[in-house]
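Structure first, then comments.
Whatever order the structure lists ligands and atoms in, that order sets their numbers, starting from 1.
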Amino acid sequence: MRETAAQFLSHMPPLPDPATFEAVFFILYDQLDLTILPPPHPRLLLIVVESLAYATALPHHQKKLTLILSAQRHWAIAATKAGYAVLPLFTLGTHAQGIAEFLTPYPHLSLTYFTPSEWDVRQQMRSLLQTLPNSITECPNPLFIAEPKAFVDKISKGYRLETFYRDLRRSTGYLMDGAKPVGGQWNYDKDNRKSLPPRQPIPPLPSMDPDVITQEVMHLVATYLPHHFGSTDGFGYAVTRSQALELADYFFQERLPLFGAYEDAMKWGEPFLFHSVLSPYLNLGLLSPRELCQRAIAAYENGSAPLNSVEGFLRQILGWREFIRVYYEAQMPTVRTANHFGFSHPLPTAYWTAQSDLRCLQDALQNVLHYGYSHHIQRLMVLSNFSNLTFTNPLELNHWFWLAYIDAHEWVELPNVLGMATYADGGILASKPYVSGGNYIHKMGNYCQSCSYQIKEKTGDRACPFNYLYWNFVDRHRQAFDENGRVSLMTRKFDEKTPAEQQAIRNSAEKFITNLPRGLAK
Ligand SMILES: Cc1cc2nc3c(=O)[nH]c(=O)nc-3n(C[C@H](O)[C@H](O)[C@H](O)COP(=O)(O)OP(=O)(O)OC[C@H]3O[C@@H](n4cnc5c(N)ncnc54)[C@H](O)[C@@H]3O)c2cc1C
Ligand code: SF4
């Protein structure tokens with residue numbers, strides 16, 4: 001710890017003496033936006049904290065820790081260049097403990113901070129700092145578009161994304177023509193479900209060369225946290241705002257036009273397709289949701305991207321991302337233990353090793369192990385779907401998503417996993433469980449032709465496991481389907497199968513679920 005702190009401090013100007021300041025502003029790892037700060041002032045000191053307790057609370061992906069630490073270090077240097085006095089703190093404890101240790105000898109210093117997005121960090125700050133004699137101010141977090149207070153009471157069964165999204169379109173005026181949506185429709189989902197033509201060229205995702213600061217962090221993570229998920233090898237994520245902007249420019253030029261059409265497509269060996277891969281930077285504050293929405297709208301207005309892509313992208317950021325955050329504010333902390341179906345099986349071993357003979361699962365898992373990333377449809381319709389269909393404990397899946405993904409912070413990861421993907425909250429966020437058989441994966445991806453299982457076979461050892469696992473799920477959890485008009489048809493379809501077909505489904509599913517290796521590989 002001492003060695004790595006000294007390495008980083010060698011890149012900073014001489015450390016300021018805290019006794020000479022009046023006010024301290026604490027900036028968290030996911031608030032790395034210089035524009036949200038008060039202007040530089042000779043009596044104002046900024047502090048950032050590297051917390052070992054935070055980094056090791058879960059075995060987070062080594063690339064994720066590299067990203068967070070390197071981005072924070074680069075931000076501290078950028079802040080000094082912008083005229084701020086910046087003091088980096090290092091603690092074995094939590095962020096709150098680091099700040100409390102620092103403030104104790106300086107009771108004259110006032111402290112201001114923005115509400116932390118993540119529950120634990122927020123609670124730790126609130127409970128520990130209250131005990132200090134210093135003047136403490138917590139300001140609303142300015143890094144989101146929606147003000148949660150206006151919506152949290154509505155988050156109960158029935159207030160869905162679509163209503164929220166329309167409300168936000170109206171209040172921001174984004175992609176609006178007076179009171180009407182531009183183009184006359186609120187969504188273009190029907191144009192956004194194309195599978196990828198085999199010869200469709202895919203623009204490569206640019207990779208950033210790690211500079212000396214990033215290399216030091218990579219070394220630190222690989223040396224001291226080698227048991228964490230994944231590795232630092234091949235780290236190429238942006239770690240500064242200017243690099244993140246470069247990647248955003250590239251997205252708007254090269255990928256946005258086809259983003260909509262191929263939003264749900266999957267292809268072996270192509271982790272990114274036409275997705276933006278901007279979530280890691282949005283979630284750290286290096287990019288702002290407003291600027292990305294505005295740039296997407298500008299791309300439509302100047303004719304460089306079609307409406308289905310621009311609306312689709314806006315829906316993700318203005319709609320889903322903001323909705324998810326409001327849901328988190330409304331449902332924490334009780335949702336943390338939600339397990340509607342009561343599934344108790346440990347996570348399949350494949351999630352740790354990325355080895356599976358299900359071709360679609362293997363591709364998604366390899367992307368996660370290597371990049372800490374897979375795109376939305378792989379997260380939802382492959383990884384979460386498989387977890388649901390094999391009756392895996394959603395709380396284990398939730399922890400895995402939190403630690404394995406480069407963009408995972410609890411406020412955004414948990415609602416997606418326990419709300420959207422697993423129905424663990426019993427239908428507060430989503431109107432139905434997101435489960436499907438192999439046909440969906442077959443239609444949207446190119447995996448099945450090279451898989452050792454047969455997509456056309458419905459039961460038996462050679463059949464695609466998603467096929468019988470899906471019907472087995474429908475049968476076992478029919479209430480979740482019966483209650484919902486959109487999917488109640490599926491239970492009726494199961495009931496129309498012959499008793500022999502039904503029994504074959506149950507037998508195949510039981511055999512597969514019983515034999516599925518679970519838990520960390522020995
Ligand atoms: C099980 C599961 C877990 C997820 N965990 C995370 C997570 O830990 N962190 C995270 O940022 N997103 C998460 N998502 C949402 C979404 O999958 C990712 O935001 C997206 O894949 C990030 O890649 P991208 O930047 O290329 O996204 P794009 O496809 O380019 O979408 C653009 C942006 O829209 C936003 N967005 C899209 N969908 C969502 C959503 N459902 N919730 C929140 N933001 C959304 C993201 O900021 C994203 O960068 C999860 C989704 C699922 C189903
Ligand atoms: S056959 Fe089934 S398991 Fe294999 S790739 Fe296709 S959907 Fe996945």
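Where the criterion is an N or O separation shorter than 3.5 Å, residue side chain and backbone included, Val277 meets it with respect to ligand 1. Of the N or O atoms in Tyr373, one or more lie within a sub-3.5 Å distance of an N or O in ligand 1. Considering both main-chain and side-chain atoms, Leu278 comes within under 3.5 Å of ligand 1 through a nitrogen or oxygen pair. Checked by distance only, ligand 1 and Ser279 come closer than 3.5 Å through their nitrogen or oxygen atoms. Backbone and side-chain nitrogen or oxygen atoms of Asp407 are examined, and one is located within less than 3.5 angstrom of a nitrogen or oxygen of ligand 1.
For atom 38 (N) of ligand 1, the choice among Gln316, Arg321, Glu410 with the nearest heavy atom turns out to be Gln316. By heavy-atom distance, the residue among Asn416, Leu429, Leu318, Leu273 lying nearest atom 14 (N) of ligand 1 is Asn416. Nearest-heavy-atom check against atom 5 (N) of ligand 1 across Arg379, Arg325, Lys64 picks out Arg379.
Contacts with ligand 1 closer than 4.0 Å are made by no heavy atom of Glu263, backbone or side chain. Of all the heavy atoms of Trp402, none lies under 4.0 Å from any atom of ligand 1, so neither backbone nor side chain is involved. Residue contacts with ligand 1, taken as heavy atom pairs separated by less than 4.0 Å, involve Phe401 solely via side-chain atoms from C-beta onward. Contacts between Leu383 and ligand 1, counted as non-hydrogen atom pairs separated by less than 4.0 Å, are absent for every part of the residue. Contacts between Leu282 and ligand 1 below 4.0 angstrom, taking non-hydrogen atoms only, involve the side chain exclusively.
Note: Phe274 and Tyr262 have tilted aromatic rings, judged against thresholds of 30 and 60 degrees for the angle between ring planes. Using cut-offs of 30° and 60° for the angle between ring planes, the Trp320 and Phe323 rings count as perpendicular. Relative ring orientation between Tyr351 and Phe386 is described as parallel, the plane-to-plane angle staying below 30° on a 0-90° scale split at 30° and 60°. Taking the six-membered ring for Trp and thresholds of 30 and 60 degrees, His95 and Tyr29 have ring planes inclined between 30 and 60 degrees apart. By the 30° and 60° cut-offs, the orientation of the rings of His375 relative to His275 is parallel. The aromatic rings of Phe341 and Phe473 sit perpendicular to each other, their planes meeting at more than 60°, with 30° as the lower class boundary.
For the pair Tyr237 and Leu247, the minimum side-chain heavy-atom distance is 4.5 Å or more. Taking the side chain as every heavy atom from C-beta outward, Glu413 and Asn398 approach each other to under 4.5 Å. Between Pro433 and Asn388 the shortest side-chain heavy-atom distance does not fall below 4.5 Å. Within the 4.5 Å cutoff, no side-chain heavy atoms of Ile68 are placed close to those of His60.
Atom 12 (N) of ligand 1 has Val412 CG2, 3.7 Å as its closest protein atom, hydrogens excluded (heavy atom only). In terms of protein heavy atoms, atom 30 (O) of ligand 1 is closest to Ser276 OG, 2.6 Å.
Screening Cys464, Cys451, Cys448 for a side chain to side chain contact (heavy atoms under 4.5 Å, CB included) involving His442 leaves a single residue, Cys448.
Protein N/O/S atoms found under 2.8 Å from atom 6 (Fe) of ligand 2: Cys448 SG.
A distance below 6.0 Å separates the ring centres of His340 and Tyr423.
Ligand 1 lies within reach of Phe313, whose nearest heavy atom is under 4.0 Å from it.
Residue contact check: Val417 has heavy atoms under 4.0 Å from atoms 1 (C), 3 (C) of ligand 1.
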